[in-house]
Amino acid sequence: MARSGTAKRVTRTATVLEKIPIRLTVNGSQMELTVAPWTTLLDALRDHLDLTGTKKGCDHGQCGACTVLVDGRRINSCLTLAVMKEGAEITTIEGLMRDGELHPLQQAFIDHDAFQCGYCTSGQICSAAGLIAEGKAKTADEIRELMSGNICRCGAYPNIVAAILQAMERS
Amino acid sequence: MIPFQYARANDVADAIKQIATDPSAKFIAGGTNLIDLIKYDVEGPARLIDISHLPLRSVEPTATGGILIGAMVPNTDLAYHPLIEERYPLLARAILSGASQQLRNMASTGGNLLQRTRCFYFYDTATPCNKRQPGSGCSAIDGVNRINAILGTSEACIATHPSDMCVALAALEATVHVTGPAGARTIAFADFH
């Protein structure tokens, strides 16, 4: 006998599959896409818009690899439904450069060698951009506390904090 | 993720109407807890009603000397609100001691109150859990229960509510204002959960 959960899911799939057209401003460009309601913003960026700079780490909001800016605020795109962000302005790691110049945070991460494998880096940099915009962190300790949503399993934390301090001083 | 339908609520009355007519639907605001639970197969709503755009985002002083907080105020906005920082630093600090800045930017005040326990067995659909499936038993009582409650437990469940914000609101003797098909009412915070 099929488990009740499985049976329920079959019915649901048969009746509900309509996709929804949405408009997003991604890195300054107007994008129109059609997504299933359960498509996360992360999957919409990576699979629908081919913006693969944003990474899927844990997919449960714990690691921060998927961090992007929505209307200027940092959020976990893995726990965000794309349909709920209709009309929003999204900035990903691909959109931080200005006039062919690296964003001060991107440059600072290179200057301080603030990564090893690099998988968490897009999320770290987008999160740090949000942190600087918030203006709540002034000291290294406050940076560490307010960057706690971004995990680096290579352990590049000291260099990440140094890079953010450098970018904060220059912004 | 499992498939579900999506609808946006236009106003509070519309949200109540939509949820009252569809028992398989759930409200979604910040999504930080619900989307996670859907991914783990703990929740399986057939329809999500998006209440994140409802105009419930103000933090205002009341005539009686309190502060009225909208259900859709993001956790970060509440913690950093001048009125909260000045008059209720306990609440501000409690909010900032939980989760991460990304999650606090997404999570709503109402959703913080209504989030589910982080008990390992509530999340593990292969094990019995009275909270997830009433009557199935509690795996935590004789299981890995270091994160569970010491005080205020029962034979049916030893889960804790995960919210730091709620502890502060209980200590501050807050009142929860709710609206449903039968109209509006208030609930003392300690009686809410």
Side-chain angles (χ1 to χ4, degrees), chain A residues 3-6 8-9 11-20 22 35-41 43 58-64 66-87 123 126-127 130-131 134-137 145-151, chain B residues 1-9 22 24-25 27-53 72 74-77 79-80 85 92-93 96-108 111 115 118 123 125-126 132-133:
Chain A
R3 287 193 307 142
S4 61
T6 317
K8 239 177 6 195
R9 190 174 305 177
T11 330
R12 196 178 276 137
T13 317
T15 52
V16 183
L17 274 174
E18 65 263 38
K19 295 188 172 183
I20 298 174
I22 57 167
V35 294
W38 53 92
T39 304
T40 61
L41 179 60
D43 288 343
C58 69
D59 207 25
H60 288 280
Q62 297 178 8
C63 78
C66 69
T67 304
V68 299
L69 302 169
V70 174
D71 297 327
R73 293 160 70 110
R74 48 179 164 154
I75 57 115
N76 298 111
S77 61
C78 74
L79 293 182
T80 303
L81 295 179
V83 286
M84 290 178 69
K85 294 302 159 193
E86 156 76 23
C126 285
S127 185
L131 170 109
E134 289 155 14
K136 297 293 178 187
E145 172 62 29
L146 288 174
M147 286 294 292
S148 68
N150 292 83
I151 292 172
Chain B
M1 239 189 296
I2 57 152
F4 48 78
Q5 283 184 314
Y6 169 82
R8 199 179 268 207
D22 185 355
S24 64
F27 286 143
I28 185 165
T32 56
N33 190 214
L34 183 57
I35 299 292
D36 193 37
L37 290 169
I38 293 173
K39 287 183 179 187
Y40 278 118
D41 231 0
V42 176
E43 291 282 5
R47 200 156 76 98
L48 289 185
I49 301 162
D50 181 358
I51 55 168
S52 67
H53 302 276
M72 291 301 116
N75 287 184
T76 322
D77 293 17
Y80 293 138
E85 281 185 331
R93 286 184 63 179
L96 294 175
S97 71
S100 67
Q101 197 77 334
Q102 288 97 317
L103 290 167
R104 292 190 293 261
N105 278 340
M106 303 163 74
S108 67
Q115 66 182 304
R118 299 302 193 279
Y123 268 79
T125 55
R132 181 167 27 77
Q133 204 178 339

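Remember, it's a predicted structure, so these values are computed and weren't measured experimentally. Lettering follows sequence order; numbering is per chain, from 1.
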Could you check whether any side-chain heavy atom of [X] comes within less than 4.5 Å of a side-chain heavy atom of [Y], counting everything from C-beta outward?
X	Y	result
A/L146	B/R104	yes
A/N150	B/Q101	no
A/L81	B/F4	yes

Is it the backbone or the side chain of [X] that comes under 4.5 Å from a heavy atom of chain A, or both, or neither?
X	result
B/L48	side chain
B/N105	both
B/R8	side chain
B/A7	neither

Exercise. Got a sec: does the CD of B/E85 have more than 12 other heavy atoms crowding it under 6.0 Å?
Worked result: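 Correct, the count exceeds 12.
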Exercise. Between B/Y40 and A/H60, how do the two ring planes meet: parallel, tilted or perpendicular, split at 30° and 60°?
Worked result: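 Ring orientation, 0 to 90° scale: parallel.
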Exercise. Looking at A/L131, A/T67, A/V70, which one has more heavy-atom pairs under 4.5 Å with chain B than the rest?
Worked result: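 Counting heavy-atom pairs under 4.5 Å, the top option is A/T67.
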For this session: Among A/T80, A/T39, A/D59, single out the residue with the greatest number of heavy-atom pairs under 4.5 Å to chain B.
Result: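 Top option by heavy-atom pairs under 4.5 Å: A/D59.
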Problem set entry | side-chain contact (heavy atoms from CB on, under 4.5 Å) between A/W38 and B/I2, intermediate numbers included | CA-CA 7 Å; A/W38 53 92; B/I2 57 152; over 6 Å; no
For this session: Any chance you could lay out the side-chain contact (heavy atoms from CB on, under 4.5 Å) test for B/D77 and A/R73, step after step, and finish with the verdict?
Result: CA-CA 11 Å; B/D77 293 17; A/R73 293 160 70 110; 2.8 Å; yes
Pairwise distance [atom1]([X]) to [atom2]([Y]) - rounded to 0.5 angstrom:
X	Y	atom1	atom2	answer
B/M106	A/R74	CE	CZ	13.0 Å
A/E145	B/S97	CD	OG	8.5 Å
B/Q102	A/S148	CD	OG	8.0 Å

Problem set entry | Nearest non-hydrogen partners of B/A29 and A/M84, listed with the distance | O-CE, 3.0 Å
For this session: Could you check A/N76 against B/T32 for side-chain contact (heavy atoms from CB on, under 4.5 Å), going step by step and ending with a plain yes or no?
Result: CA-CA 9 Å; A/N76 298 111; B/T32 56; 5.9 Å; no
For this session: May I have the step-by-step check of side-chain contact (heavy atoms from CB on, under 4.5 Å) for A/C78 and B/K39, ending in yes or no?
Result: CA-CA 10 Å; A/C78 74; B/K39 287 183 179 187; 4.0 Å; yes
